[in-house]
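These values consider heavy atoms only, across backbone and side chains, with no hydrogens, waters or symmetry-generated copies. We name chains A, B, ... by the order of the sequence lines, and we start the count at 1 in each one. Just so it is clear, the structure is predicted and the values come from calculations on it, not from any experiment.
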Amino acid sequence: EAGVTQSPTHLIKTRGQQATLRCSPISGHTSVYWYQQALGLGLQFLLWYDEGEERNRGNFPPRFSGRQFPNYSSELNVNALELEDSALYLCASSFPGLAANNEQFFGPGTRLTVL
Amino acid sequence: KNEVEQSPQNLTAQEGEFITINCSYSVGISALHWLQQHPGGGIVSLFMLSSGKKKHGRLIATINIQEKHSSLHITASHPRDSAVYICAAYTGGFKTIFGAGTRLFVKA
């Protein structure tokens, strides 16, 4: 069974540009989660999508947005990039919701560098 | 004070030693997740639990809901266990709060 996939692996942008990151969940999973891991910092929850809807978001500005498509894949868009947006962005998927049985499985991440 | 605290931050062990990593949380949770992150950044799910104890191979995870504390144990540690171990608390608002991670290095 294929795991969670993310693209691209690496992305280099300059300040003010927009970045688009993509995630394909495990087949059968409808929930997709996005996390940011800045260098030297821990994982921070960004967004949770389920059944095409944004269910919750972390403490990030509105320039971080995304969407989930009918096939449950997801995009994370970061507008007006700032240097501090440089980070590893991880996507995870699970069956619907967050409960003891709905374990999250993580993708390999996209490393975004903002110059 | 962070809502999810891990200890120790860094841990160096000799191969074969028994290792314990602790996670304390101050929020209400629906479940707690232990993750392993290797140097390349990839994250592997180890355990997800809301009560009691789970075991897989040399790894054991326990949680005490009353004390708001979870532990991850590694028996007979091996250099390939070297990684960052992260606990994640799933809160009632369906937000995930992560601990800062414990960096483990196991010497051969």
Side-chain angles (χ1 to χ4, degrees), chain A residues 3-6 8-11 21 23 26 29-51 53-60 86-113, chain B residues 1-10 21 23-25 27-54 56 59 61-63 65 70 83-103:
Chain A
V4 177
T5 60
Q6 291 187 244
T9 307
H10 293 88
L11 188 57
L21 288 63
C23 172
I26 289 172
H29 287 183
T30 62
S31 277
V32 171
Y33 313 84
W34 287 97
Y35 300 98
Q36 182 197 64
Q37 188 176 38
L39 190 63
L41 299 178
L43 283 155
Q44 301 286 328
F45 167 72
L46 256 170
L47 289 159
W48 170 33
Y49 289 96
D50 185 64
E51 294 286 358
E53 301 280 334
E54 182 181 303
R55 301 297 184 184
N56 211 342
R57 66 181 291 131
N59 295 326
F60 282 84
S86 295
L88 179 67
Y89 289 84
L90 289 154
C91 168
S93 75
S94 76
F95 290 112
L98 286 173
N101 294 327
N102 292 348
E103 187 172 344
Q104 291 185 39
F105 294 86
F106 286 79
T110 292
R111 190 164 296 281
L112 172 64
T113 302
Chain B
K1 192 178 191 299
N2 294 331
E3 292 171 300
V4 178
E5 298 264 359
Q6 278 187 245
S7 63
Q9 277 187 299
N10 295 284
I21 298 170
C23 177
S24 296
Y25 52 92
V27 293
I29 68 166
S30 58
L32 189 122
H33 203 168
W34 281 102
L35 306 165
Q36 180 192 56
Q37 186 171 31
H38 284 282
I43 289 183
V44 174
S45 171
L46 297 176
F47 297 103
M48 192 154 170
L49 65 168
S50 58
S51 65
K53 176 179 173 178
K54 287 190 175 181
H56 182 69
L59 300 177
T62 63
I63 189 167
I65 298 295
S70 177
V84 177
Y85 292 83
I86 302 166
C87 68
Y90 297 144
T91 69
F94 294 113
K95 282 188 182 180
T96 313
I97 305 173
F98 295 90
T102 294
R103 189 173 299 275

Taking side chain as C-beta onward, heavy atoms only, is A/Leu43 less than 4.5 Å from B/Thr96?
no
Can you name the ring pair (Phe, Tyr, Trp, His ring centres under 6.0 Å) partners of B/Phe47, sequence neighbours left out?
none
So which part of B/Leu32 gets closer than 4.5 Å to some heavy atom of chain A, the side chain, the backbone, both or neither?
neither
I'd like to know whether CG of B/Asn10 has more than 12 heavy-atom contacts from other residues, nucleotides or ligands below 6.0 angstrom.
yes
Nearest non-hydrogen partners of B/Met48 and A/Gln104, listed with the distance
SD-N, 4.3 Å
One should read off an interatomic distance between A/Leu90 CG and B/Leu35 CG, to the nearest 0.5 angstrom, of 10.0 Å
Are any of the side-chain heavy atoms of B/Phe98 and A/Gln37 separated by less than 4.5 Å?
no
Answer yes or no: does atom CZ of A/Arg57 have more than 12 heavy-atom neighbours from other residues, nucleotides or ligands under 6.0 Å?
yes
With sequence neighbours left out, write down each residue that passes ring pair (Phe, Tyr, Trp, His ring centres under 6.0 Å) with A/Phe106, or none if nothing qualifies.
A/Tyr35
Turns out that what part of B/Ile97 lies under 4.5 Å from chain A's heavy atoms comes down to neither
